[in-house]
Every structure is written in C-alpha cells, then in structure tokens.
K.L.:
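What follows is a single structure, and I will ask about it in a moment.
One is the number of the first residue; the rest follow in order along the sequence. Everything numeric in this text was worked out from a predicted model, so none of it was measured.
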Amino acid sequence: MRVAVLKGGSSLERQVSLRSAARVEDALASLGHEVAPIDADSDLVRSLKELRPDVAFIALHGPGGEDGTPQELLEILGVPYTGPGVAACIRCMDKVLAKHLLREAGVPTPDWVAFNSTAFRELGAADALEEIEARLGYPLVVKPAAQGSSLGVRFAASRDGVPEALVSALSYDDRVLLERHVPGRELAVSVLDGDPLPIVEARPKEEDRFNYEARYEIGRTEYICPADLPDDVAADVRDAASRTYSALGCTGFARVDLMLDTDGRPDVLEANAIPGLTDTSLFPMAADAAGIGFEELVSRIIELAVERRGAAEASRT
Ligand SMILES: Nc1ncnc2c1ncn2[C@@H]1O[C@H](COP(=O)(O)OP(=O)(O)O)[C@@H](O)[C@H]1O
Ligand SMILES: [Mg+2]
C-alpha cells in the first residue's frame with residue numbers, strides 16, 4: 001500500500017510528532033509499504049492530491065493535528081486515515097467537552113469548572129473565585145482546555161497560586177478548566193480497537209510532583225507496565241478506559257489518562273486521540289507488554305483505518 005505519513009505541523013508538540021513519524025516510517029518500510037512522509041504545511045492538500053495514498057497515517061499531536069483538522073481534510077479527499085474520526089478528535093481535544101460527555105456517560109472524572117477568556121475580561125469571572133474554592137477546594141489543578149504534554153498545566157496550592165496558574169493556562173488556550181486535585185497514582189490505558197492494553201503507571205520524581213511539565217524531560221519519570229495493581233482495581237481501571245473510549249466515540253486507538261485515587265478508584269482526566277508513538281511513548285510500551293510489537297501495532301492501526309473507511313462507505317450506500 002502507499003501510505004502517507006502526516007507529520008510535523010505547527011503545534012508545540014511538533015518535535016514529538018517528528019519522532020513518532022520516524023518510527024512509524026521505519027515500521028511501514030519494514031512491512032513492505034510504500035512510505036510517503038508529508039510535512040503538514042500549506043502544501044498538505046496539494047501533496048495528498050498528487051500522491052493519492054491508499055491510507056494516511058496521522059502522526060501529528062496537539063491542536064491542528066489531533067483536533068479533527070487534518071482528519072476533516074482527509075474526509076474531503078476521501079483518503080482513509082488512522083486513529084479516531086473527526087467528531088471523536090474534537091471531543092478528545094477539548095477537555096471540557098470530554099468531561100461533560102464522561103459525566104453524562106457516568107464515567108468518573110474529577111469535578112471541575114471552566115471559563116473562557118471572555119468570561120474573565122468582560123464578565124468578571126474572577127469574582128466567582130470564592131464559589132469555586134468552596135466547591136473544588138485546594139490544591140487544585142488549572143489547565144488549558146486544549147493542549148497536551150502537560151503544557152500549561154499548573155497546580156495551585158492556595159488562593160495565592162490561582163492568578164499565575166490562570167495566566168499560564170490562558171496563554172495556551174482561550175478556555176481553561178480548574179479541576180479538583182486527585183491525590184493518588186497516575187495511570188494511562190492505551191486502547192486498541194476498543195480493547196484496553198496493559199496499564200502503564202507513571203511515577204514522577206518526588207521533586208516533580210507538582211511540576212507537571214518537568215516530568216516530560218527524559219528520565220524524570222519512571223514508567224511501569226503492567227502497573228502493579230490488584231486484579232479488581234485493574235479491571236475497574238480498564239473498564240473506565242473502555243467506557244471513556246466509547247463515550248467519546250473513538251475508533252482505531254486512543255490513550256486514556258487517569259488518576260487512581262487513594263481509595264483505589266479511577267478518575268479519568270482525558271483521552272488522547274493521537275497518542276505518542278515514539279520509542280519512549282506509552283502506547284507502544286503497553287502494546288509491547290501485550291505481546292504486540294511495534295510493526296504489528298502499526299500494521300493493525302492501518303488495517304483499522306481501512307476497515308473503518310469500508311464501513312463508512314457501506315453505510316452511505
Ligand atoms: N485533577 C488532577 N489531579 C491530579 N493530577 C492531575 C490532575 N490533572 C492533571 N494532573 C496531572 O497532570 C498531568 C497532565 O494532565 P492531563 O489532564 O493528562 O493533560 P495533558 O496530558 O493533556 O497535558 C496528568 O498526567 C497528571 O499527572
Ligand atoms: Mg495527559
């Protein structure tokens with residue numbers, strides 16, 4: 001098959017995208033596919049029209065990559081693509097929308113409030129701080145609605161920390177959420193075609209506990225897969241991840257990030273429509289623990305893209 005690998009892009013996660021793509025390109029070549037790497041820039045549509053690939057492998061992360069933007073263009077061009085469809089990408093990228101959908105579906109997610117910058121600038125949202133404190137308590141976590149890799153995620157230990165955390169989050173996105181802080185263990189569940197893979201636990205260094213961005217530096221966080229959990233807890237965690245995947249309408253694959261609270265209950269933070277596929281990423285790590293090597297994983301992801309396209313065509317006729 002001729003496979004276009006969409007990579008790069010202008011988001012802050014460009015470097016991760018290039019690393020994911022390099023690994024995917026190698027795997028595709030070993031599988032015997034014709035590989036066409038395409039940098040996602042203003043020539044994207046023209047390149048795709050010239051190339052006429054059988055399928056597009058989307059190795060883009062963050063806004064402009066996993067928010068439905070390239071997915072929409074590929075729909076217009078009729079090119080099958082990997083990962084979730086347009087609507088699911090939109091739902092996953094917007095943490096506020098995703099949390100509403102999770103709550104409606106009965107999937108546990110930490111309590112939160114959300115604002116956009118207009119609410120602050122024009123409607124006096126800052127005056128609601130007292131009510132927010134009463135509801136969420138401290139510490140709380142402030143994050144931009146749309147972003148990944150912990151960019152803009154801040155921890156506020158008390159009222160004094162809120163303004164700085166808000167300014168930081170608002171510098172990444174027009175919309176922010178303030179979320180109840182869940183003390184506990186940090187878990188990620190990769191889901192392949194609806195089936196949860198072995199759970200990964202992230203153990204950051206103690207000094208990074210409240211510095212979310214620092215953890216992404218190589219070696220600052222230890223990952224354990226499969227996570228050491230009692231069977232019933234692991235089953236609850238996998239169940240929360242599967243239900244998140246369905247509630248957000250994902251297809252192909254996605255990764256669900258969650259906290260395991262101190263009572264051993266999962267609380268879902270978010271779903272990533274295009275999880276990282278670099279050599280240190282969690283999705284390939286989880287697949288490996290399930291006995292699925294990287295090439296097999298890539299091959300399966302491609303198959304799912306082609307199958308979904310076939311199903312969509314059948315439902316239209
Ligand atoms: N409510 C919360 N309670 C405790 N830790 C949190 C909370 N929200 C986020 N975190 C921490 O910050 C990390 C990043 O948050 P997340 O919502 O996954 O956003 P993203 O990965 O898109 O930046 C999480 O993996 C977790 O370690
Ligand atoms: Mg996350």
Side-chain angles (χ1 to χ4, degrees), residues 3-26 28 35-51 53 55-77 79-98 116-117 143-154 167-177 212-218 250 252-255 257 270-283 301 305:
V3 186
V5 178
L6 272 51
K7 62 177 177 177
S10 57
S11 95
L12 295 165
E13 291 169 85
R14 179 180 168 86
Q15 293 311 321
V16 184
S17 161
L18 295 176
R19 283 170 51 215
S20 290
R23 198 169 178 211
V24 167
E25 286 163 23
D26 283 351
L28 288 168
V35 186
I38 303 185
D39 207 308
D41 60 16
S42 55
D43 289 331
L44 175 66
V45 171
R46 200 178 334 148
S47 308
L48 285 167
K49 283 170 77 168
E50 272 166 26
L51 190 69
V55 58
F57 197 112
I58 306 180
L60 294 163
H61 309 300
E66 58 181 303
D67 62 354
T69 307
Q71 290 81 3
E72 193 88 75
L73 293 174
L74 290 158
E75 292 280 349
I76 295 169
L77 299 175
V79 176
Y81 55 89
T82 56
V86 176
C89 286
I90 293 171
R91 297 183 195 112
C92 290
M93 193 71 225
D94 182 340
K95 291 187 172 77
V96 179
L97 174 60
N116 58 27
S117 59
K143 42 184 136 169
Q147 203 43 260
S149 297
S150 290
L151 295 164
V153 178
R154 292 283 183 283
V167 169
S168 165
L170 281 168
S171 73
Y172 287 91
D173 191 19
D174 182 55
R175 203 135 74 107
V176 295
L177 63 149
Y212 299 122
E213 289 178 14
R215 301 165 172 204
Y216 278 77
E217 289 163 27
I218 304 281
C250 294
F253 63 96
R255 195 191 76 225
D257 290 344
E270 62 152 355
N272 300 281
I274 317 269
L277 296 172
T278 73
D279 42 15
T280 53
S281 295
L282 309 188
F283 204 106
I301 289 171

K.L.:
Hey, are the side chains of L6 and L74 touching, using non-hydrogen atoms and a 4.5 Å cut-off?
P.N.:
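L6 reaches L74 side chain to side chain.
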
K.L.:
State, to 0.1 Å, how close I90 and D67 come at their nearest heavy-atom pair, and which atoms those are.
P.N.:
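The pair with the smallest heavy-atom distance is CG1-O, 3.5 Å.
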
K.L.:
State, with a plain yes or no, whether a side-chain heavy atom of L44 is found less than 4.5 Å away from one of S47.
P.N.:
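A side-chain contact under 4.5 Å is absent here.
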
K.L.:
Identify the heavy atoms of F283 and P275 that sit nearest to each other, and give their distance.
P.N.:
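Distance-wise, the nearest heavy atoms are CD1-CG, 3.5 Å.
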
K.L.:
Measuring only between side-chain heavy atoms, which start at C-beta, is L277 closer than 4.5 Å to R23?
P.N.:
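They are not in side-chain contact.
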
K.L.:
Would you please name every residue forming a ring pair (Phe, Tyr, Trp, His ring centres under 6.0 Å) with Y81, sequence neighbours left out?
P.N.:
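Ring pair (Phe, Tyr, Trp, His ring centres under 6.0 Å) list for Y81, sorted by chain: empty.
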
K.L.:
Donor-acceptor check, side chain of R14 to backbone of G9, threshold 3.5 angstrom: yes or no?
P.N.:
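The answer is yes, because a donor-acceptor pair under 3.5 Å joins these two groups.
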
K.L.:
Are any of the side-chain heavy atoms of P84 and C92 separated by less than 4.5 Å?
P.N.:
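Answer no - side chains too far apart.
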
K.L.:
What pair of heavy atoms forms the shortest contact from L177 to A145, and how long is it?
P.N.:
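The answer is CD2-CA, 3.9 Å.
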
K.L.:
Can you see which heavy atom on A169 is nearest to which on V176, and at what distance?
P.N.:
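Closest approach of A169 to V176, heavy atoms only: CB-CG1, 3.4 Å.
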
K.L.:
Are the side chain of T69 and the backbone N or O of P63 linked by a donor-acceptor pair below 3.5 Å?
P.N.:
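Not at all, since once roles are kept as given, no pair shorter than 3.5 Å links the two residues.
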
K.L.:
So, S17 side chain and K7 main chain: donor-acceptor pair closer than 3.5 Å or not?
P.N.:
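No.
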
K.L.:
A side-chain contact here means heavy atoms from C-beta on lying under 4.5 Å apart; do V35 and V5 qualify?
P.N.:
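The answer is yes, as the side chains (C-beta and beyond) meet within the 4.5 Å cut-off.
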
K.L.:
Does a side-chain heavy-atom distance below 4.5 Å link D94 with R175?
P.N.:
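A side-chain contact exists here, since the closest heavy-atom pair is under 4.5 Å.
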
K.L.:
Closest approach of P80 and A305, non-hydrogen atoms and distance?
P.N.:
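Distance-wise, the nearest heavy atoms are CB-O, 4.0 Å.
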
K.L.:
Taking E66's backbone N and O only, do any of them form a donor-acceptor pair with H61's side chain (distance below 3.5 Å, no angle check)?
P.N.:
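Checking the backbone N and O of E66 against the side chain of H61, no donor-acceptor pair under 3.5 Å is found.
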
K.L.:
Taking all non-hydrogen atoms of both residues, which atom of L151 and which atom of P144 are closest, and how far apart?
P.N.:
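The pair with the smallest heavy-atom distance is O-CG, 3.4 Å.
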
K.L.:
Between E270 (side chain only) and K95 (backbone N and O only), is there a donor and an acceptor less than 3.5 Å apart?
P.N.:
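No; judged by distance alone, with no hydrogens or angles, the pair does not exist.
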
K.L.:
For the pair Q71 (side chain) and G68 (backbone), establish whether a donor and an acceptor sit closer than 3.5 Å, ignoring hydrogens and angles.
P.N.:
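Present.
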
K.L.:
Does the side chain of S281 pick up a donor-acceptor pair with the side chain of T278 at under 3.5 Å?
P.N.:
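Side chains of S281 and T278: pair found under 3.5 Å.
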
K.L.:
Between I58 and T82, is there a side-chain heavy-atom distance shorter than 4.5 Å?
P.N.:
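Answer yes - side chains close enough.
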
K.L.:
Any chance you could measure N272, atom CG, to R255, atom CZ, to the nearest 0.5 Å?
P.N.:
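Answer rounded to 0.5 Å: 4.5 Å.
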
K.L.:
Look only at the side chain of D173 and the backbone of A146, and say whether a donor-acceptor pair between them is shorter than 3.5 Å.
P.N.:
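Yes, D173 side chain to A146 backbone: donor-acceptor pair under 3.5 Å.
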
K.L.:
Apply side chain to side chain donor-acceptor pair (under 3.5 Å) to D43 and list each qualifying residue two or more places apart in sequence or on a separate chain.
P.N.:
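With sequence neighbours excluded, D43 shows a side chain to side chain donor-acceptor pair (under 3.5 Å) to R46, given in chain and number order.
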
